[in-house]
Number of protein chains: 2
Amino acid sequence: MADGRGGPGNAGEGDKGGGEGRGAGGFLPPSVEAAWGLRERPSKGPKPGLTLDRIVDTAVRVAAAEGLDAVSMGRIAKELGVSTMSLYRYVGAKRELYILMQDVATGAPPPLPAPGADWREALEQWAGAMREVYHRNLWMLRIPLSGPPATPNTVAWWEWAMVALADSGLDEGTKVSVVMLLGGFVRNEALMMADLAAVIAASGDAPEEVLSRYGQTLRRLADPERFPAVARMLDSGVMDEQDEPDHEFRFGLERILDGIAPLVEAAK
Amino acid sequence: MADGRGGPGNAGEGDKGGGEGRGAGGFLPPSVEAAWGLRERPSKGPKPGLTLDRIVDTAVRVAAAEGLDAVSMGRIAKELGVSTMSLYRYVGAKRELYILMQDVATGAPPPLPAPGADWREALEQWAGAMREVYHRNLWMLRIPLSGPPATPNTVAWWEWAMVALADSGLDEGTKVSVVMLLGGFVRNEALMMADLAAVIAASGDAPEEVLSRYGQTLRRLADPERFPAVARMLDSGVMDEQDEPDHEFRFGLERILDGIAPLVEAAK
DNA sequence: ACAGTAACGCGTATGTCATACGCAGTAAGA
DNA sequence: TCTTACTGCGTATGACATACGCGTTACTGT
């Protein structure tokens with residue numbers, strides 16, 4: 001669905017091994033290169049009956065509907081009405097499918113910030129939008145991330161953040177650090193919230209009840225003499241009241257931006 | 001290894017279902033309650049030939065030596081000279097084993113900060129120590145975290161951080177937010193570094209070469225017209241020079257603490 | 001037009017896993 | 001002694017990723 005991805009062209013290592021399989025000198029798997037719109041037409045054998053797009057879109061649909069665990073090669077193949085092994089003509093391994101799924105689900109970032117826009121507001125918007133992406137695609141958080149971003153949409157989001165920092169006066173290395181810090185935070189926060197939500201959903205009870213029961217259990221297990229500070233925290237009732245679902249997100253985001261602001265100020 | 005964990009006592013749900021299986025009113029799996037030293041002696045059947053400790057320690061050893069993927073129920077059983085299914089008398093599911101493994105690997109936190117110690121220095125120490133734990137046990141980062149901390153050592157680390165913030169003047173809810181933010185950061189940073197290291201190790205080449213090749217590949221794929229800010233970043237050479245391995249950690253940590261400092265100042 | 005060949009879809013096989021189920025032996029309490 | 005809870009474990013079951021190789025297809029160069 002993203003930018004036009006090309007056809008296939010043996011995503012594996014070639015039918016019989018043979019060399020490094022590096023398309024144009026890169027070190028990315030062929031299927032990822034395909035996501036960038038590369039991939040020369042094979043133009044030799046029978047016409048492929050599938051496209052990478054269809055495979056990836058199907059996988060995303062299944063993941064969205066039934067979670068990442070439902071995404072198996074067999075399942076996706078069945079969904080497409082082909083055999084399991086057909087998929088391996090388009091994708092070298094399941095890990096590659098994961099990478100492409102993430103790219104599709106991430107989608108294009110919002111319109112770039114206006115030139116001269118405030119860096120802080122822009123980064124807040126960026127973080128918020130990224131958070132929404134995760135919340136819309138919780139399964140993404142279950143995928144073990146593998147290496148630096150290298151797919152089109154991921155890079156587009158990166159671009160967005162770098163543009164937001166364009167006028168900050170920070171040097172490029174610091175910009176990268178800032179974006180990594182912020183991106184990591186958003187991802188981590190989304191992951192924790194998703195995990196918590198999963199626990200709550202699994203219990204079947206009301207959220208506040210689960211939280212409160214957790215507090216009670218901890219109070220029972222954790223000796224107040226050994227863990228006085230934790231006991232104090234539990235007794236304060238923070239575990240029983242619940243705040244807006246994005247409280248932790250806002251808190252963390254503001255803290256981090258507050259920590260970045262002096263750098264920008266100093267670089268001005 | 002940790003605090004004396006008791007014997008077993010059917011970690012599952014009972015041989016034939018039967019009720020909720022809640023030991024003393026909690027909602028934790030029996031094996032986790034065992035980690036807290038609960039678990040009354042079954043005192044009826046044959047003497048158990050294993051202990052939870054031995055199982056968990058073995059699993060940790062295997063994970064440390066060969067990675068988390070090497071930890072299968074069959075493998076651990078073989079290592080202990082028992083059958084696979086025996087383990088399920090002590091652990092309700094593999095997920096529980098993971099939780100216990102994390103607790104053992106996390107270990108006890110360093111000695112508590114001196115009363116009256118500077119909150120910032122203390123939190124820095126906490127974060128650094130936690131980071132070391134992750135670096136010593138990279139496999140921990142592969143375990144999908146499941147719910148709030150509920151094992152003895154995890155709570156002990158929480159206690160440590162809460163003690164560090166005891167004199168900060170922050171209210172309990174904010175303390176929790178701070179610890180979650182910091183803990184999430186440390187975990188995330190360790191995860192990213194571990195992933196990067198894994199990619200580098202898998203490639204077999206020198207670290208700087210991998211990074212540089214990544215930069216070159218991205219430069220080739222990412223149209224500078226579409227991604228000018230990313231192109232600028234790549235051209236600046238940040239991808240080619242490498243800094244100390246803990247650079248990102250220090251950067252993020254300082255930013256976050258800088259963001260927290262005003263809160264503490266205001267609360268004084 | 002024809003042969004060569006690359007790429008296609010897919011059937012089959014392998015090995016790995018978590019875990020359900022139930023049985024036979026064991027030891028403590030009645 | 002007899003019951004009973006608990007033990008270890010053998011034997012399924014049902015997924016799963018993916019290696020391998022076969023027959024087929026449709027371009028490409030002759």
Side-chain angles (χ1 to χ4, degrees), chain A residues 6-19 21 29-31 34 39-52 54-55 59 62 66-78 80-98 144, chain B residues 6-19 21 29-31 34 39-52 54-55 59 62 66-78 80-98 144:
Chain A
N10 200 340
E13 280 282 282
D15 253 18
K16 255 295 211 38
S31 66
R39 231 72 278 259
E40 62 291 351
R41 261 294 177 62
S43 82
K44 209 55 188 297
K47 271 183 239 156
L50 290 173
T51 58
L52 237 194
R54 283 194 51 200
I55 295 172
V62 171
E66 302 173 46
L68 192 64
D69 285 346
V71 176
S72 70
M73 299 305 272
R75 172 62 188 281
I76 304 307
K78 181 168 292 181
L80 287 163
V82 300
S83 84
T84 304
M85 292 312 293
S86 305
L87 302 186
Y88 285 95
R89 292 280 177 198
Y90 301 81
V91 170
K94 201 190 182 184
R95 175 173 239 77
E96 288 182 22
L97 179 58
Y98 278 161
Chain B
N10 199 341
E13 278 283 281
D15 253 19
K16 256 295 212 38
S31 64
R39 231 74 276 262
E40 62 290 354
R41 260 294 177 64
S43 81
K44 207 54 188 300
K47 270 183 246 159
L50 289 174
T51 59
L52 238 193
R54 283 194 49 198
I55 294 172
V62 170
E66 303 173 47
L68 192 64
D69 285 346
V71 176
S72 70
M73 300 304 273
R75 172 63 189 280
I76 303 307
K78 180 167 292 180
L80 287 163
V82 300
S83 85
T84 304
M85 293 311 293
S86 305
L87 301 186
Y88 285 94
R89 293 282 176 200
Y90 301 80
V91 170
K94 201 191 181 186
R95 174 172 239 78
E96 287 182 23
L97 178 58
Y98 278 162

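Residue numbers begin at 1 in each chain, while the letters A, B, ... track the order of the sequences. Predicted model only: the values in this text are computed from it and were never measured. Every heavy atom of this structure was used, including side-chain atoms; hydrogens, water molecules and symmetry mates were not.
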K.L.:
Which of the following nucleotides, C:dC10, C:dA28, D:dT25, is nearest to the side chain of A:Val82?
P.N.:
C:dC10
K.L.:
Please pick, from D:dC27, D:dT18, D:dC9, the nucleotide with the shortest atom-to-atom distance to any side-chain atom of A:Lys47.
P.N.:
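The closest nucleotide is D:dC27.
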K.L.:
Return the CZ to CD1 distance between A:Arg89 and A:Ile55, rounded to the nearest 0.5 Å.
P.N.:
12.0 Å
K.L.:
Starting at atom NZ of A:Lys44, determine the distance to atom C1' of C:dC8, rounded to an integer number of angstrom.
P.N.:
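Roughly 13 Å, once rounded to whole Å.
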K.L.:
Return the nearest nucleotide to the side chain of B:Arg89; candidates are C:dG29, D:dG21, D:dC9.
P.N.:
D:dC9
K.L.:
Which comes earlier along DNA chain C counting from the 5' end, the contact point of B:Pro46 or that of B:Thr84, where each point is its nearest nucleotide?
P.N.:
B:Thr84
K.L.:
Under 3.5 Å, side chain of A:Glu66 to main-chain N/O of A:Val62, donor-acceptor pair present?
P.N.:
no
K.L.:
Would you sort out whether B:Leu80 and B:Leu87 count as a side chain to side chain contact (heavy atoms under 4.5 Å, CB included), showing the intermediate values?
P.N.:
CA-CA 10 Å; B:Leu80 287 163; B:Leu87 301 186; 4.2 Å; yes
K.L.:
Would a distance-only check, ignoring hydrogens and angles, find a side-chain to backbone donor-acceptor pair under 3.5 Å from B:Lys94 to B:Val71?
P.N.:
yes
K.L.:
How close or far is atom C1' of D:dC16 from atom CZ of A:Arg95, stated in whole angstroms?
P.N.:
16 Å
K.L.:
Does D:dA15 have its OP1 or OP2 closer than 4.0 Å to a side-chain nitrogen or oxygen of A:Ser72?
P.N.:
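False: A:Ser72 side-chain N/O out of range (4.0 Å or more) of D:dA15 OP1/OP2.
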K.L.:
Round to a whole Å and report the spacing from CD1 of B:Ile76 to C1' of D:dG8.
P.N.:
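Roughly 18 Å, once rounded to whole Å.
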K.L.:
Looking at D:dG8, I'd like to know if its phosphate oxygens (OP1 or OP2) sit under 4.0 Å from a side-chain N or O belonging to B:Ser83.
P.N.:
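So the side chain of B:Ser83 is outside the cut-off, no N or O lying under 4.0 Å from OP1 or OP2 of D:dG8.
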K.L.:
Between B:Lys94 and C:dA18, does any side-chain N or O lie under 4.0 Å from OP1 or OP2?
P.N.:
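Indeed, a polar side-chain atom of B:Lys94 lies that close.
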K.L.:
If I take atom NZ in residue B:Lys78 and atom C1' in nucleotide C:dT16, what distance separates them, rounded to the nearest angstrom?
P.N.:
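My rounded result for the distance is 11 Å.
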K.L.:
Please state how far atom CD in B:Glu96 lies from atom C1' in C:dT19, giving the value in whole angstrom units.
P.N.:
13 Å
K.L.:
With rounding to the nearest 0.5 Å, note down the distance linking CE in B:Met73 to CG in B:Leu97.
P.N.:
6.0 Å
K.L.:
Check the distance between C:dG9's C1' and A:Leu87's CG and give it to me in whole angstrom.
P.N.:
11 Å
K.L.:
When the distance from OH of A:Tyr88 to C1' of D:dC22 is rounded to whole Å, what number comes out?
P.N.:
19 Å
K.L.:
In whole Å, what is the span from the CG atom of A:Leu52 to the C1' atom of C:dG9?
P.N.:
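The answer, rounded to whole Å, is 16 Å.
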K.L.:
Taking OP1 and OP2 of C:dG9, is either one under 4.0 Å from a side-chain nitrogen or oxygen of A:Tyr90?
P.N.:
yes
